[in-house]
Amino acid sequence: MPMLRLAPRSVAFALSAAILVAGSGAAVAASEQEMAEYRRDCTMDYTRLCSAYDPGSPQVRQCFAARRAELSPRCAATIAKYETPEKPQRRR
């Protein structure tokens with residue numbers, strides 16, 4: 001599959017459509033502030049680590065999760081800030 005190269009501005013716009021919740025891989029609704037933080041802090045990580053995948057795709061979230069140790073400190077902190085913790089299952 002050919003790799004799609006996007007201009008930095010396009011990457012930032014496309015990345016704003018993706019919620020990069022690497023821990024759980026779940027997508028959640030994001031505020032404008034959250035999206036601005038993801039664009040600011042994670043665009044370079046996307047370009048460096050996961051640009052082989054379409055922005056906003058499940059594969060990007062999986063890529064970020066798989067390469068979490070390689071994320072920049074700013075991107076990792078932003079993801080952790082908005083990460084939704086898994087809810088424990090109740091036993092019946």
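A quick note: this is a predicted structure, and the numbers were derived from the prediction, not measured.
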field: Stepwise side chain to side chain contact (heavy atoms under 4.5 Å, CB included) test for L71 and L49
entry: CA-CA 8 Å; L71 295 176; L49 300 170; 3.8 Å; yes

- Task: Determine, step by step, whether F64 and C42 satisfy the side chain to side chain contact (heavy atoms under 4.5 Å, CB included) criterion, reporting the C-alpha distance in whole Å, the side-chain angles of both residues, the deciding distance to 0.1 Å, and the verdict.
- Result: CA-CA 10 Å; F64 268 71; C42 296; 4.3 Å; yes

Rounded to the nearest 0.5 Å, the CZ atom of R39 sits from the CD atom of E32 at a distance of 7.0 Å

*Under the 3.5 angstrom rule, does the side chain of T43 hit a backbone N or O of R40 as a donor-acceptor pair?*
no

Item to check | Test item: Y46 side-chain N/O and Y53 main-chain N/O as donor-acceptor pair under 3.5 Å | outcome: yes

* Asked: Any sub-3.5 Å donor-acceptor pair from D45's side-chain atoms to S72's backbone N or O?
  -> yes

Return yes if some donor-acceptor pair links the side-chain N/O of R68 with the main-chain N/O of A76 below 3.5 Å, else return no.
no

Rounded to the nearest 0.5 angstrom, the OH-CD distance for Y82 and Q33 is 4.5 Å

Answer yes or no: is there a donor N or O on one side and an acceptor on the other, between the side chain of E34 and the main chain of S31, under 3.5 Å? yes

Q | E37/K81 salt bridge by N-O under 4.0 Å criterion | A | yes

Value for SG (C75) from CZ (R48), rounded to nearest 0.5 Å, stands at 9.0 Å

- prompt: Side chains of Q59 and S57: donor-acceptor distance under 3.5 Å anywhere?
  reply: yes

